[in-house]
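Numbers restart at 1 for each chain; the letters A, B, ... are given by sequence-line order, proteins then strands.
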There are 2 protein chains.
Amino acid sequence: MKKKRITLVDLAKELELAASTISRALDNHPGISIETKEKVLKKAEELGFTRNSIASSFKKNKTLTIGVIVPRIDIHFHSLVISGIEEFAYKAGYNVTIFQSRDSLEREKEITKILQNKMSEGVIICLGTETNSYEHFEKLNRMKVPLVFYDRVPTGMEANKIVINDFESAFKATEHLIEIGCKRISHIGGNQSTGIFKARFEGYKAALTKHDFPIDESLIYFTKDLSYEEGALFAEKLVDLVPRPDGVFCSNDYTAVSAIQVFQKKLVKIPEEVAIVGFSNYPISKIIEPHLTTVNDRAFEMGLAAAKLLIGQIEEEEEIIQTEIITIKTELLIRESSSR
Amino acid sequence: MKKKRITLVDLAKELELAASTISRALDNHPGISIETKEKVLKKAEELGFTRNSIASSFKKNKTLTIGVIVPRIDIHFHSLVISGIEEFAYKAGYNVTIFQSRDSLEREKEITKILQNKMSEGVIICLGTETNSYEHFEKLNRMKVPLVFYDRVPTGMEANKIVINDFESAFKATEHLIEIGCKRISHIGGNQSTGIFKARFEGYKAALTKHDFPIDESLIYFTKDLSYEEGALFAEKLVDLVPRPDGVFCSNDYTAVSAIQVFQKKLVKIPEEVAIVGFSNYPISKIIEPHLTTVNDRAFEMGLAAAKLLIGQIEEEEEIIQTEIITIKTELLIRESSSR
DNA sequence: CTGAAAGCGCTTACAG
DNA sequence: CTGAAAGCGCTTACAG
């Protein structure tokens with residue numbers, strides 16, 4: 001569509017004022033008389049004038065825009081984080097531009113190239129599964145674009161990171177199973193090459209060790225991507241073990257839900273004969289019966305924190321900025337699947 | 001953070017070329033020698049130069065950015081639509097900026113104000129529940145900002161709309177229940193002031209009428225927001241009816257899932273004694289047992305279609321553009337909850 | 001309280 | 001194939 005728009009200069013001519021006066025009146029600048037401001041506002045409304053924010057951004061060298069790179073938007077966890085980011089950014093006057101890497105390293109690199117174009121003043125990132133080097137982010141860093149990583153964060157790279165305490169959360173979840181009397185506690189874990197899933201496994205082990213339980217490898221299964229289907233697969237094996245495990249700590253809610261269903265099909269009572277705990281507080285955890293005990297990872301709060309940290313650094317005057325690691329406090333939501 | 005960046009002019013000086021030559025070389029313009037292009041690219045890389053796309057956008061009066069307004073990002077349907085929008089936009093070279101109205105009319109209006117700033121070349125919108133007038137969108141329209149609505153679209157306003165055929169989808173879902181032998185088919189519907197839920201109810205009625213079934217008001221319940229909790233509430237009433245309904249068509253999957261659970265608790269067999277059909281193909285529909293028959297509303301495709309239509313209109317040279325209404329084809333996914 | 005002027009970093013029509 | 005120059009629509013330091 002072709003567009004011809006009224007500019008600030010048009011307004012100035014119309015009112016026989018200087019462009020600078022218009023600009024300041026629009027900004028509600030203190031050094032402009034109220035009458036002038038009113039006149040300007042009225043005329044602007046009348047002519048349907050709105051400031052060209054591209055020109056303004058260009059001149060001020062500020063776009064008030066942040067970029068967000070997530071593996072996929074339609075994963076509930078990420079949509080919650082983005083919701084938090086948008087909420088904070090909106091109130092701070094920033095726009096949020098989103099990109100999906102779709103877990104492709106190549107696409108992630110492409111996106112960081114686009115983000116070098118100075119449109120975004122900072123970027124919030126959750127790394128894709130393929131990402132094993134961070135050179136593309138280091139480059140943005142060198143260009144003085146502030147970065148904040150969340151959830152899947154780079155290891156061995158100094159950077160702003162928003163994380164949850166996976167180790168401690170898993171520790172508490174496992175200890176909860178111990179406290180309600182479980183003796184043989186199984187773990188269905190995520191891919192151990194991903195830091196957060198490794199930490200959850202470590203937390204599981206630490207809780208067992210603290211309470212003098214052996215680490216029994218026959219009770220431990222690692223999935224590739226914590227899918228519902230994989231969870232079912234491993235739960236089938238667990239349910240047939242003799243003796244059967246009487247507690248299962250799963251690294252996410254999908255595998256926990258499939259475990260519930262598999263045990264139920266074999267008529268094993270939950271939570272009486274086996275207690276099950278998940279991780280992430282997905283909507284399904286409150287729907288599945290029995291309702292699933294799970295770790296609330298507070299994704300929305302992660303988003304808020306990420307946006308707050310990023311925008312703080314964008315607006316920071318100093319050149320040198322400390323990187324920060326913020327740990328979001330999780331909570332164990334005890335529901336029917338582990339209520340004895 | 002303070003930033004000083006290398007500009008195109010710096011590059012030009014460094015190479016003793018004109019800025020115009022650099023600009024064209026960077027664009028891979030045909031009228032520039034290969035040697036010059038290579039020199040420019042090499043030097044740009046060396047100095048870490050990237051074009052200031054704000055300046056470029058400003059000069060060209062194109063931002064290659066589209067805005068998206070959704071009630072909430074963390075609703076799975078919307079996150080899927082956004083995913084489709086991002087996918088199409090990304091491939092077309094556009095950025096996607098997202099806003100949440102949080103179903104607040106006031107916030108929706110604020111957002112349309114922001115979008116008047118010419119940052120976004122077009123906007124994709126799903127209306128909030130409170131929205132009953134469209135003046136704020138008409139205003140954007142008058143400013144020649146192309147708009148595309150999806151799902152909750154304005155009634156009585158000529159506009160681009162991406163919708164599914166709710167009437168027909170509901171008709172087919174209900175007819176499916178009739179075909180498998182249901183005689184008393186209930187409906188748990190959405191708020192009838194929302195067009196799509198009204199259309200689903202109409203589709204339900206039309207299917208009954210076609211097959212000479214009476215419309216029995218005691219079998220029909222309308223929820224306020226199709227929540228899981230409300231679904232359970234009404235399912236409790238249905239399960240106690242004498243005679244009991246032997247089929248339930250629900251306007252979304254949450255209410256359908258709660259209906260499954262309520263009937264199961266009363267030991268009513270699904271699908272033998274009652275068949276249940278939902279709407280939307282939420283992830284939970286494939287997890288709940290029995291798996292839920294539902295209408296796949298193809299949200300991702302809606303997003304693709306919305307982005308395609310919008311970007312098409314942005315790039316259209318002509319001033320006058322026809323508004324389009326695109327209907328996305330749904331499909332009934334028949335699963336265990338209605339497989340007899 | 002208001003104005004004149006410079007300039008942000010590009011792009012492009014024009015010229016050669 | 002390359003360059004000089006104008007200009008996109010604002011903002012802001014300077015001046016009065």
Side-chain angles (χ1 to χ4, degrees), chain A residues 2-41 43-44 47-65 93 116-121 143-144, chain B residues 2-41 43-44 47-65 93 116-121 143-144:
Chain A
K2 271 179 238 152
K3 305 155 197 188
K4 37 198 138 141
R5 290 280 196 47
I6 290 153
T7 70
L8 188 146
V9 173
D10 297 334
L11 241 192
K13 276 187 195 140
E14 192 79 23
L15 289 166
E16 298 186 316
L17 285 167
S20 43
T21 304
I22 307 287
S23 179
R24 284 187 279 244
L26 257 18
D27 279 345
N28 199 17
H29 190 98
I32 298 285
S33 74
I34 300 191
E35 302 85 68
T36 304
K37 282 179 190 167
E38 279 171 356
K39 249 195 329 196
V40 170
L41 256 28
K43 200 71 174 179
L47 301 183
F49 167 79
T50 51
R51 242 210 216 83
N52 181 332
S53 70
I54 304 303
S56 176
S57 286
F58 167 53
K59 177 68 200 180
K60 296 205 274 191
N61 200 22
K62 280 179 149 206
T63 60
L64 296 177
T65 296
Q116 288 168 23
N117 69 6
K118 305 169 185 67
M119 258 315 220
S120 298
E121 298 191 58
M143 293 182 156
K144 307 279 178 240
Chain B
K2 272 179 234 148
K3 304 154 198 190
K4 38 198 134 119
R5 292 278 198 47
I6 291 155
T7 71
L8 188 146
V9 173
D10 296 335
L11 242 193
K13 277 185 195 142
E14 192 78 23
L15 288 166
E16 298 184 314
L17 286 167
S20 44
T21 304
I22 306 288
S23 178
R24 285 188 277 243
L26 257 18
D27 280 344
N28 199 19
H29 191 99
I32 299 285
S33 74
I34 301 192
E35 302 85 70
T36 304
K37 282 178 189 167
E38 278 171 356
K39 253 198 325 201
V40 170
L41 256 29
K43 201 69 173 183
L47 301 183
F49 166 80
T50 51
R51 244 212 215 81
N52 182 332
S53 69
I54 305 303
S56 176
S57 285
F58 167 52
K59 176 70 201 181
K60 295 204 276 193
N61 199 23
K62 280 179 148 208
T63 60
L64 296 177
T65 296
Q116 288 169 21
N117 68 7
K118 307 171 183 66
M119 260 314 220
S120 297
E121 299 190 57
M143 293 182 156
K144 308 276 177 242

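- Partners of A:Thr65 under the side-chain contact (heavy atoms from CB on, under 4.5 Å) rule, at least two apart in sequence or in another chain, are A:Thr63, A:Asn95, A:Thr97, A:Ser120, B:Met119.
- A:Arg51 comes within 4.0 angstrom of the backbone, heavy atoms only, and of no base.
- The salt bridge (Lys or Arg N to Asp or Glu O under 4.0 Å) check on A:Asp10 picks up nothing, with sequence neighbours excluded.
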Just distance, no hydrogens or angles: give the donor-acceptor pairs under 3.5 Å from side chains in residues 17-34 of chain A, sequence neighbours left out.
residue: A:Asp27; atom: OD1; partner: A:Arg51; partner atom: NH2; Å: 2.5
residue: A:Asn28; atom: OD1; partner: A:Lys37; partner atom: NZ; Å: 3.0
residue: A:Ser33; atom: OG; partner: A:Thr36; partner atom: N; Å: 3.2
residue: A:Ser33; atom: OG; partner: A:Thr36; partner atom: OG1; Å: 2.7

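- Between B:Arg24 and A:Leu26, the residue anchored nearer the 5' end of DNA chain D, judged by the nucleotide with its closest heavy atom, is B:Arg24.
- At the heavy-atom level, B:Ser56 lies under 4.0 Å from the strands shown only through sugar-phosphate atoms.
- The side-chain heavy atoms of A:Asn52 and A:Thr7, taken from C-beta on, include no pair separated by under 4.5 Å.
- Across all strands shown, B:Thr36 has heavy atoms under 4.0 Å from sugar-phosphate atoms exclusively, and none from any base.
- Of the possible donor and acceptor atoms, one in the side chain of A:Ser57 sits under 3.5 Å from a partner among the backbone N and O of A:Ser53.
- Residues that satisfy the side-chain contact (heavy atoms from CB on, under 4.5 Å) test with B:Thr50, not counting sequence neighbours, are A:Gln116, A:Lys118, A:Met143.
- Within the nucleic acid shown, B:Leu17 comes within 4.0 Å of sugar-phosphate atoms alone, with no base atom in reach, counting heavy atoms only.
- A:Lys60 comes within 4.0 angstrom of the backbone, heavy atoms only, and of no base.
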*What pattern of brackets, bars and dots sums up DNA chain C from 5' to 3', given Watson-Crick or G-U wobble pairs under 3.5 Å, [ ] for crossing pairs and | for another strand?*
|||.||||||||.|||
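- Of the residues near DNA chain C, B:Phe58 and A:Ile34, the one whose nearest nucleotide (by heavy atom distance) lies more toward the 5' end is A:Ile34.
- For the side-chain contact (heavy atoms from CB on, under 4.5 Å) test, residues two or more places apart in sequence or in another chain that qualify with B:Leu64 are B:Tyr94, B:Glu121.
- Residues passing the salt bridge (Lys or Arg N to Asp or Glu O under 4.0 Å) test with A:Glu38, sequence neighbours excluded: none.
- Nucleic acid contact for A:Ser20: base, since at least one base atom lies under 4.0 Å from a heavy atom of the residue.
- Interface limits on DNA chain C: the 5'-most and 3'-most nucleotides within less than 4.0 Å of chain A heavy atoms are C:dC1 to C:dG9.
- Residues satisfying the salt bridge (Lys or Arg N to Asp or Glu O under 4.0 Å) test with A:Lys59, not counting sequence neighbours, are none.
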